[in-house]
There are 2 protein chains.
Amino acid sequence: MTTIRGARARARIEVTAAIKDEARRQLAAEGAAKLSLRAVARELGMVSSALYRYFPSRDELLTALIVDAYDSIGAAAESALATGPTPTGPAAHAARWVDLCRAVRAWALAHPHEYALIYGSPVPGYTAPRDTVVPAARVGNALISVVRDAHRSGGLALPPLGEELRPEAHRLTATLAPDLPPAVVVALVAAWPQLFGLISFELFGQFNHVVEDRDAFFAHAAARLAHEIGLGAHTPGSPPAPAVLPGE
Amino acid sequence: MTTIRGARARARIEVTAAIKDEARRQLAAEGAAKLSLRAVARELGMVSSALYRYFPSRDELLTALIVDAYDSIGAAAESALATGPTPTGPAAHAARWVDLCRAVRAWALAHPHEYALIYGSPVPGYTAPRDTVVPAARVGNALISVVRDAHRSGGLALPPLGEELRPEAHRLTATLAPDLPPAVVVALVAAWPQLFGLISFELFGQFNHVVEDRDAFFAHAAARLAHEIGLGAHTPGSPPAPAVLPGE
DNA sequence: CATTTTCGAGAGCACTGCTCTTGCTTTGGA
DNA sequence: TCCAAAGCAAGAGCAGTGCTCTCGAAAATG
């Protein structure tokens, strides 16, 4: 409703935003470890103690930045799906997957320190607060939605699934995507960290002096991940996959 | 030749080792961000300025710990290969791959902060010095050696390789493993960060409230990676459970 | 034995996160 | 309209950090 509650309340959100902006600037410039409350306050022309009226501690400020970063990369992922063409065949679903992966990687390359903040090692006093779990799921949900669209149009092959993983597969399916086959959900949940492994290695310097043509390499790896999930399959002779519900 | 050059030289290596040990203790206890030169010196009964005779800066100390961590995880990987049975068939090569992955993951779970130091976000103003590149390659070399053994015994399928990745594939092959087919090298170099993506997500809390049976999930994902490279696919240690290969 | 090098100790600088107290300003109820 | 309550900025201060410099003692070297 954003009711106008007087100058004071308005000033508060403005100052809060200014603090986050300046903090994000320092984060992008120097990294999370060098982010200093005093420096932020100094840059904003206030004294450091005044900043504690807005964020009770440095960790709380970092948490706010983490939430924003999750939202930002999540929005980038969703926008990649929204702007892409409507898939018109099995191969198009795989292409959509690759496009989504590319958008996530592009965001990471454009915001390396924010990426490190959320997908790198957890910060000092790390205990992911509840606020972060919803924004953190946005990229995962985007990945799921691509696979779900493919499944609905019947262009999805079933990955193999060992017997000993069945319980976990049903658990994952129930909590993440009850409308998808468990074997697909397992492959999807496996592809998810592998995608970020590719991005992290590139971003954190592990590819230095190893992989040169990183765009092509990433596109290839993302396409292989799509294939691993069952995307892009011609599904010869298979009718639109009957939605096997995980319920027993 | 570790010639005895007097009490002073001997004391120096002893003190250096003691500093690293204590620093490693604090690293394991609190993480890299909380590692304090003064605290290390305090615990060792010396004054902080004396510590600078052994390590010119905090970053240099961290670099020493990084090198040690790379050596440690590399040794764990190599030892997993050394103690395992000699592979006697295509399936055994895949099992060796999974065992290797498991050993790397086990090391990571046992040394979370050291893992974060080398595979998490790079610390503040650090640029990986030359000293780290050789130890950093040990795990990668172990992965390569498994695939090489499989290739030599003929039990290796060729992964697909797009045309646009051919130049990069040959570059990678020339620098990493000239005796392996380029398509295999590409798949291997892709599997490498994906393996660490799986470990990092588990270790950094991304699997919380998502994946429960992590041992089984990891074993499955590692086996799929093996299959992706061309190694015979089946889960290790178990009787030849006939995995359903993806119809193609 | 004399000299050079090496080392530990201490003081000190500039910085950090954070707390507490002191006044000033805005706000909302009587 | 007035006044107490709440919100806020500022300053001082505490305990900690990485790092530099100087000084005196000890060891290695000639």
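Naming convention: chains lettered A, B, ... in sequence-line order (proteins, then strands); numbering from 1 in each chain.
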TODO: Respond yes when some side-chain nitrogen or oxygen of B:R12 is under 4.0 Å from OP1 or OP2 of C:dC7, and no when none is.
DONE: yes
TODO: Using modelled atom types only, decide if a donor and an acceptor are shared between the side chain of B:S145 and the backbone of B:A142 within a distance under 3.5 Å.
DONE: yes
Open item on the list: Whole angstroms only, please: what is the CZ-P distance between B:F55 and C:dG8?
Closed with: 13 Å
Open item on the list: Parallel, tilted or perpendicular: which one describes the rings of B:W192 and A:F207, with boundaries at 30° and 60°?
Closed with: tilted
- [ ] Ignoring backbone atoms, test whether A:R58 places a side-chain nitrogen or oxygen under 4.0 Å from the OP1 or OP2 oxygen of C:dG17.
- [x] yes
Open item on the list: For D:dG18, does the base pair up with any side-chain atom of B:R38 as donor and acceptor (N or O, under 3.5 Å, distance only)?
Closed with: yes
Task: Length of the line joining B:K34:NZ and D:dG16:C1', which is rounded to integer Å - done: 12 Å
TODO: From the options C:dT16, D:dA27, C:dA9, select the nucleotide whose nearest atom is closest to the side chain of A:A39.
DONE: C:dT16
TODO: Indicate yes or no: does A:R105 engage A:E202 in a salt bridge with an N to O separation below 4.0 Å.
DONE: yes
TODO: Considering just the side-chain nitrogens and oxygens of B:R42, establish if one lies under 4.0 Å of OP1 or OP2 belonging to C:dA9.
DONE: no
Task: Spacing between B:I13 atom CD1 and C:dT6 atom C1', to the nearest angstrom - done: 15 Å
- [ ] Ignoring backbone atoms, establish whether A:Y52 has a side-chain N or O less than 4.0 Å from OP1 or OP2 of D:dA9.
- [x] no
- [ ] Would you kindly say whether B:S121 and A:Y119 are connected by a side-chain donor-acceptor distance under 3.5 Å?
- [x] no
Open item on the list: Between P on D:dA9 and CD on A:E14, what's the gap in Å once rounded to a whole number?
Closed with: 13 Å
TODO: Figure out the CZ/P separation between B:R10 and C:dC7, and round it to whole Å.
DONE: 15 Å
Open item on the list: From CG of A:L51 over to P of C:dT16, roughly how many Å is that when rounded to an integer?
Closed with: 12 Å
Task: Side chain of B:Y54 - closest among C:dG8, D:dA10, D:dC19 - done: C:dG8
TODO: Using a 4.5 Å cut-off on heavy atoms from C-beta on, say whether the side chain of B:V133 contacts that of A:N208.
DONE: no
- [ ] Inspect the contact between A:E228 and B:R224 and indicate whether a charged nitrogen and a carboxylate oxygen are less than 4.0 angstrom apart.
- [x] yes
Task: Nucleotide nearest B:S48 when distance is taken to its side chain, options D:dC19, C:dG10, D:dG11 - done: D:dC19
Open item on the list: Between P on C:dT16 and CD on A:E30, what's the gap in Å once rounded to a whole number?
Closed with: 11 Å
Task: Distance below 4.0 Å between B:S57 side-chain N/O and D:dG18 OP1 or OP2 - done: no
- [ ] Report yes if a side-chain nitrogen or oxygen of A:S49 is closer than 4.0 Å to either non-bridging phosphate oxygen (OP1 or OP2) of D:dG11; otherwise report no.
- [x] no
Task: Separation of atom CG in A:L37 from atom C1' in D:dA10, rounded to whole Å - done: 16 Å
- [ ] Indicate, with a heavy-atom threshold strictly under 4.0 Å, whether A:L35 touches base, sugar-phosphate, or nothing.
- [x] sugar-phosphate
Task: Minimum-distance nucleotide (side-chain atoms of B:R8 versus C:dG8, C:dT5, D:dC19) - done: C:dT5
Task: Distance-only donor-acceptor test (3.5 Å): side chain A:R53, base D:dG7 - done: no
